[in-house]
Protein chains: 2
Amino acid sequence: MLTNTEENYLKALLHLMLQSGNNETGTNKLAEHLGIKPATVNDMLKKLKTKKLVMYEKYGKIKLSKDGRKQALLVIRKHRLWETFLYEKLHFSWDEIHEVAEQLEHIQSEKLIEKLEKFLGYPQADPHGDPIPDAKGEMKTYQKTSLLEIPVGSICQLVAVKDNSAMFLQYVSELGIGLKSKIKVISKMDFDGSLRIEVNRKQHNVSQKFAENLLVK
Amino acid sequence: MLTNTEENYLKALLHLMLQSGNNETGTNKLAEHLGIKPATVNDMLKKLKTKKLVMYEKYGKIKLSKDGRKQALLVIRKHRLWETFLYEKLHFSWDEIHEVAEQLEHIQSEKLIEKLEKFLGYPQADPHGDPIPDAKGEMKTYQKTSLLEIPVGSICQLVAVKDNSAMFLQYVSELGIGLKSKIKVISKMDFDGSLRIEVNRKQHNVSQKFAENLLVK
DNA sequence: TTATTTTGTTAGATTAACCTAACTTTTATT
DNA sequence: AATAAAAGTTAGGTTAATCTAACAAAATAA
Ligand SMILES: [Mn+2]
Ligand SMILES: [Mn+2]
Ligand SMILES: [Mn+2]
Ligand SMILES: [Mn+2]
């Protein structure tokens, strides 16, 4: 049985590992991501190692074990199912669900998650477009393209957002953009990488950073 | 902001206070109820006192303050709304919901509870027949009669159960009894206080303790 | 009213999850 | 290769929530 804190570490670890191609990360990055101090992380890593959830040697890189990875995916599964519940059934807005799901993801009851999944009609993705792992901790990952890579003149469709922060999501909503929105790239500025896009017949100028966080197909 | 543990103490305190008419209780009873040691309770009471949630002097009786009582009722509110959700929407059985709700009741989000309440259609009572306090921490308490007090020959209707344990509730279900079941008292045994009842045209012999935990009107 | 039992308190430990300050190792930069 | 910077570790503390063992007060029974 994992504690809330351990679950959060595993989730953070998987997140950082997926982010940085090489499937490994370090103490400082993990601390930064969790908003705590490296010294604390160091202690916890020793604990996670004795529980065989991570592979880790002094001064070495941190990796998730097979089991650690599975546990992390099961937490993500819970998180995304709860987010879907909050959005679909309770009509929370896009940007509010993450925070509450951070708490709900730690409820311990396999039966609850199974029943919740059924209640929601076995959704494949959460309201941010992220895939929901199955009960075995397996997740289909499909190729996602950033809006940045779309050539000028073509039209694409939003399938997911990379950043889940309330601030970013509110901004996206304000522009009338949501999952499945059709986005046309009108032009790109070489100067700062920003681009002009059209959504629902309205045009907007958005920064490079903004576009990078919209994942399209 | 209250911790999970503090919330559990307040809930336990209210429970024991309501149980024992005089609106007060002691360290040992509280410890017993929470499944921990009196020494631990003693420490926590000091903490709850500094937070002005209980009234308490060394060797004296323990009482909830106005605010403590309100907080306790808000936890009960959350508990009962979640139980209703688990029962009505996820189709958990009567005896499974309490345990999961023990966890869910600690999720911190007022908005979540408001939306949940709306989603459930503003229920007045949980699946055990217990009233659900409102957002201000006010709860309507209605008079409940134990099945024991029903005279031989008369018919009554189950409105609530006193004991929420899985064991008791499973037993009740096995006899085909649920909320709103019509129960006829056929006879009473003076010897051990047990009684013969009829539900759905089936007769059963039940103990005094069993009957005591069925609340009827 | 004294003795016994029950109830409640204190002191001293433990564990999980955090911290700061000081130190060590590894990596990057001159 | 030497030095500086970054990354990681250790030692020693703190707080919340728990425990055991010993003690004190209150309630009950003899
Ligand atoms: Mn979390
Ligand atoms: Mn999400
Ligand atoms: Mn609880
Ligand atoms: Mn209930």
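Order of the sequence lines fixes the chain letters, A, B, ..., with proteins taken first and strands second; residue numbering starts at 1 for each chain.
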Query - Whole angstrom value for the distance that separates C1' of D:dA11 from CG of A:Asn42 - result: 12 Å
Query raised in the report: Taking CG from B:Leu2 and C1' from D:dA17, how many angstroms apart are they, rounded to a whole number?
Result: 15 Å
Report task. Name all pairs fulfilling the side-chain hydrogen bond (donor to acceptor under 3.5 Å, both in side chains) condition that reach into residues 204-217 of chain B, sequence neighbours left out, sorted by first residue then second. Result -> B:Arg196-B:Asn205
Requested in this report: Assess the side chains of B:Glu32 and B:Asn28: does a donor N or O sit below 3.5 Å from an acceptor N or O?
Outcome: no
Query - Atom pair distance, as rounded to whole Å: NZ in B:Lys61 and P in D:dA26 - result: 12 Å
Query raised in the report: Separation of B:Asp43 atom CG from C:dA13 atom P, in whole Å?
Result: 15 Å
Requested in this report: Send over the distance from A:Leu45 CG to D:dT9 P, rounded to a whole Å.
Outcome: 7 Å
**Report entry** Partners passing side-chain contact (heavy atoms from CB on, under 4.5 Å) against B:Asn23 (at least two apart in sequence or in another chain)
**Finding:** B:Met17, B:Arg69
Report task. Starting at atom CD of B:Glu7, determine the distance to atom P of D:dA17, rounded to an integer number of angstrom. Result -> 11 Å
Query raised in the report: With a cut-off of 6.0 Å (strictly less than), are more than 12 heavy atoms of other residues, nucleotides or ligands near NZ of B:Lys188?
Result: yes
Report task. Scan A:Lys46 against the nucleic acid and name what it touches under 4.0 Å (heavy atoms): base, sugar-phosphate only, or nothing. Result -> sugar-phosphate
Query raised in the report: At under 4.0 Å between heavy atoms, what does B:Thr40 touch on the DNA or RNA strands: base, sugar-phosphate, or nothing?
Result: base
Query - Contacting residues from residues 47-57 of chain A, given that a heavy atom lies under 4.0 angstrom of DNA chain D - result: A:Tyr56
Query raised in the report: Side-chain N or O of B:Thr3 less than 4.0 angstrom from OP1 or OP2 on D:dA17?
Result: yes
Query - Partner set under salt bridge (charged side-chain N to carboxylate O under 4.0 Å, His left out) for A:Lys70, not counting sequence neighbours - result: none
Query raised in the report: Is the shortest side-chain N/O distance from B:Thr5 to OP1 or OP2 of D:dA16 below 4.0 Å?
Result: no
**Report entry** Residues touching DNA chain C, which here means a heavy atom under 4.0 Å, drawn from residues 28-38 of chain B
**Finding:** B:Asn28, B:Pro38
Report summary line: Rounded to whole Å, the CD1-C1' distance (B:Ile62 to C:dT9) equals 12 Å
Report summary line: Here the distance between atom C1' of C:dC18 and atom CG of A:Asn4, to the nearest Å, is 15 Å
Query raised in the report: Nearest 0.5 Å, what's the CD1-CE distance between A:Ile76 and A:Met139?
Result: 5.5 Å
Query raised in the report: So is A:Lys63 actually on top of A:Tyr56's ring, under 6.0 Å and inside 45° of the axis?
Result: no
Requested in this report: Give a yes/no answer on whether the side chain of A:Thr27 brings an N or O atom under 4.0 Å of OP1 or OP2 in D:dT9.
Outcome: yes
Query raised in the report: Is any side-chain N or O of A:Lys58 closer than 4.0 Å to OP1 or OP2 of D:dT10?
Result: yes
Report task. Tell me whether the guanidinium CZ or amine NZ of B:Lys89 lies under 6.0 angstrom from the six-membered ring centre of B:Phe119 and within 45° of its axis. Result -> yes
Report task. Hey, can you tell me if A:Phe85 and B:Trp82 have their rings parallel, tilted or perpendicular (30° and 60° cut-offs)? Result -> tilted
Query - Among D:dT18, C:dT26, D:dT10, the nucleotide that comes nearest once only the side chain of A:Tyr59 is considered - result: C:dT26
Query raised in the report: By side-chain hydrogen bond (donor to acceptor under 3.5 Å, both in side chains), which residues pair with B:His98, not counting sequence neighbours?
Result: B:His79, B:Glu83, B:Glu102
